[in-house]
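Input: a single structure, listed below in structure tokens.
Heavy atoms only: backbone and side chains are in, while hydrogens, waters and symmetry mates are out.
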Amino acid sequence: MFQKILIANRGEIALRVLRACKELGIQTVVVHSTADSDAMHVRLADESVCIGPPPSRESYLNIHQIVAACEITGADAVHPGYGFLSENAKFADILAAHNITFIGPSGDHIRVMGDKIEAKRTAKRLGIPVVPGSDGAISEEKEAKRVAAEIGYPVIIKASAGGGGRGMKVAHTEADLEVALQTARSEAGAAFGDDAVYIEKYLQKPRHIEVQVFGDGAGRGVHFGERDCSLQRRHQKVWEEANSPALNAEERSRIGGICAKAIADLGYSGAGTIEFLYENGEFYFIEMNTRLQVEHPVTEAITGIDLVHEQIRVASGGGLSVRQEDIKFNGHAIECRINAEDARTFTPSPGTITHFHTPGGLGIRVDSGVYSGYKIPPYYDSLIGKLIVHGRNRVECMMRLRRALDEFVVDGIKTTLPLFRDLVGNPDIANGDYDIHWLEKYLAKGE
Ligand code: ADP
């Protein structure tokens with residue numbers, strides 16, 4: 001087992017990883033920018049190293065500084081959290097070259113899945129159902145028209161290097177295609193430094209369903225069931241549930257089994273998430289994330305298994321603590337992402353939190369790095385915490401969520417809490433009857 005883990009992240013996820021390390025008796029080092037000297041993860045860690053000024057590229061994305069912090073403190077492993085360097089193959093390779101373990105998959109697996117065209121090809125080869133579309137990158141309009149006519153309109157043009165819901169353009173007819181192709185390519189080039197785009201069928205009423213998988217790196221793969229992340233705004237997740245209200249046990253075990261086998265065949269190591277769109281009883285692979293997800297706690301709530309413990313065990317060579325048959329799904333869990341944003345306009349609302357009171361009681365978990373008097377720096381993501389609620393079934397979970405939201409107090413800044421208070425009272429949400437477009441339509445109606 002590792003002696004000392006360096007956590008290369010900030011906010012609630014840095015604290016989340018720190019808690020797992022403490023439970024396992026592992027020393028912790030955190031790195032932070034000058035804007036985060038007062039952050040909770042810095043206060044709670046055994047050691048901390050300031051690695052640069054507030055802009056992420058000079059601190060949390062600065063590989064040399066992070067490697068130097070490992071050398072100075074003698075850390076033998078790095079947990080990257082999510083975002084920042086968590087899916088950076090070069091970072092994983094550089095750490096390996098310094099004999100420091102990257103808590104995640106190999107650089108090669110990150111590389112394959114980071115390129116969406118290559119990821120889709122790999123998924124297909126591994127027997128995972130994919131969205132119909134082009135076989136590779138498309139640059140010519142003529143070719144785009146041929147593929148679109150074959151799969152049928154509407155189609156979506158996506159950046160191969162895309163992420164965070166950016167770089168996607170929908171074309172409803174052949175007349176839209178040329179502009180969509182040009183805009184997608186130039187936006188992809190500007191945002192990701194790579195203008196490769198591909199085409200796939202645009203599904204009109206799908207749900208976003210993702211399967212949590214783990215590989216032990218030695219040819220064994222397991223799945224931890226699925227999460228439903230259909231409630232999205234601008235292709236970004238807002239509310240997540242496990243299990244999906246749309247799947248039955250047979251579908252769960254079928255898609256889970258396909259994913260676990262693929263992970264085993266790939267020789268994958270660590271945590272991963274295989275993302276699908278789900279429509280009319282069919283699953284369509286869209287991408288794989290090679291890291292821990294923001295929404296992992298809903299899976300932990302229904303399985304009772306600490307996924308960060310598993311990541312650390314696997315990376316240290318100790319293997320997984322569970323076999324597939326040990327993983328049982330118990331009840332229902334929902335996570336709400338609480339952002340420092342206006343609940344209607346979603347404009348960021350940094351500033352000082354004058355009062356912070358979190359709900360408690362059976363089935364409630366709050367993962368957050370903020371506290372009363374904490375000043376939210378304007379430089380980073382606006383996520384300030386996550387409320388995760390567990391119940392014996394979805395009805396009990398929703399009852400508990402409603403009262404937990406009533407108890408939650410965040411004063412001094414605007415947050416997205418009022419949105420969730422509206423959502424728990426909505427009949428479609430109560431019935432679990434929503435697709436990936438539901439939230440955008442709901443928000444548009446309210447304006
Ligand atoms: P990113 O890596 O940027 O998050 P994804 O490929 O995971 O991109 O897609 C993000 C979201 O975009 C999906 O959850 C879904 O809402 C929407 N989306 C992506 N592909 C399609 C598609 N073929 N049809 C309809 N919606 C899509």
Side-chain angles (χ1 to χ4, degrees), residues 113 115-124 128-189 191-192 194-211 226 228-238 244 246-247 255 273-289 428 433-445:
M113 294 302 169
D115 176 321
K116 291 186 166 194
I117 292 175
E118 201 48 47
K120 229 175 136 175
R121 239 182 236 141
T122 308
K124 216 169 166 178
I128 297 176
V130 304
V131 190
S134 58
D135 277 334
I138 296 259
S139 51
E140 299 298 322
E141 196 195 329
K142 217 173 105 191
E143 202 188 349
K145 282 186 177 162
R146 185 186 57 75
V147 176
E150 209 175 284
I151 58 179
Y153 286 91
V155 297
I156 183 166
I157 302 172
K158 298 168 73 171
S160 187
R166 290 176 305 159
M168 288 183 254
K169 288 278 167 275
V170 179
H172 290 276
T173 61
E174 194 176 283
D176 303 338
L177 196 60
E178 188 183 349
V179 178
L181 185 66
Q182 295 309 335
T183 348
R185 289 191 66 193
S186 61
E187 281 184 15
F192 311 111
D194 174 0
D195 70 357
V197 297
Y198 61 106
I199 297 189
E200 60 188 30
K201 177 135 191 88
Y202 182 68
L203 301 172
Q204 314 229 23
K205 286 186 170 192
R207 298 182 78 111
H208 174 115
I209 293 180
E210 56 184 38
V211 179
E226 85 286 359
D228 194 317
C229 314
S230 301
L231 283 176
Q232 302 181 353
R233 184 181 162 266
R234 300 205 172 150
H235 304 303
Q236 298 213 26
K237 300 160 191 168
V238 169
S244 167
L247 293 197
I255 194 66
T273 299
I274 305 186
E275 297 194 335
F276 295 93
L277 294 176
Y278 172 83
E279 194 174 66
N280 300 328
E282 299 289 335
F283 289 92
Y284 303 96
F285 170 89
I286 45 173
E287 67 162 344
M288 175 170 177
N289 290 319
D428 287 348
D433 184 14
Y434 54 82
D435 62 32
I436 60 168
H437 305 298
W438 188 94
L439 185 59
E440 296 272 8
K441 285 188 200 148
Y442 171 83
L443 292 169
K445 266 189 272 168

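Contact annotation: the side chain of Glu200 never approaches that of Lys116 to less than 4.5 Å [non-hydrogen atoms, C-beta and beyond]. Put simply, the side chain of Ile199 reaches to within 4.5 Å of the side chain of Ile151, judged on heavy atoms.
No more than 12 heavy-atom neighbours from other residues, nucleotides or ligands sit within 6.0 angstrom of CG on Asp135.
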List the steps and the verdict of side chain to side chain contact (heavy atoms under 4.5 Å, CB included) for Ile255 and Ile274.
CA-CA 10 Å; Ile255 194 66; Ile274 305 186; over 6 Å; no

Given Glu226 and Arg207, is the salt bridge (charged side-chain N to carboxylate O under 4.0 Å, His left out) satisfied, shown in steps?
CA-CA 12 Å; Glu226 85 286 359; Arg207 298 182 78 111; over 6 Å; no

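Nearest heavy atom pair, residue Phe192 against residue Ala159, reads CE1-CB, 4.0 Å. Closest of all the heavy-atom pairs between Glu143 and Ala137 is OE2-O, 4.2 Å. When all heavy atoms of Asp228 and Ser244 are compared, the closest pair comes out as OD2-OG, 2.7 Å.
With respect to the salt-bridge test (charged N to carboxylate O, under 4.0 angstrom), the residues Glu279 and Lys201 do not qualify. The pair Glu287-Lys158 does not count as a salt bridge, with every side-chain nitrogen at least 4.0 angstrom from each carboxylate oxygen.
Taking the six-membered ring where tryptophan is involved, the planes of His437 and Tyr202 are tilted, since the angle between them lies from 30° to 60°. Between Phe276 and Phe283, the ring-plane angle classifies as perpendicular under the 30° and 60° cut-offs.
Put simply, OG1 on Thr122 and CE on Met288 are 10.5 Å apart, with the number rounded to the nearest 0.5 Å. With rounding to the nearest 0.5 angstrom, the NZ atom of Lys445 is 10.0 Å from the CG atom of Leu443.
In the model, Ser160 has a side-chain atom that pairs as donor or acceptor with a side-chain atom of Asp115 under 3.5 Å.
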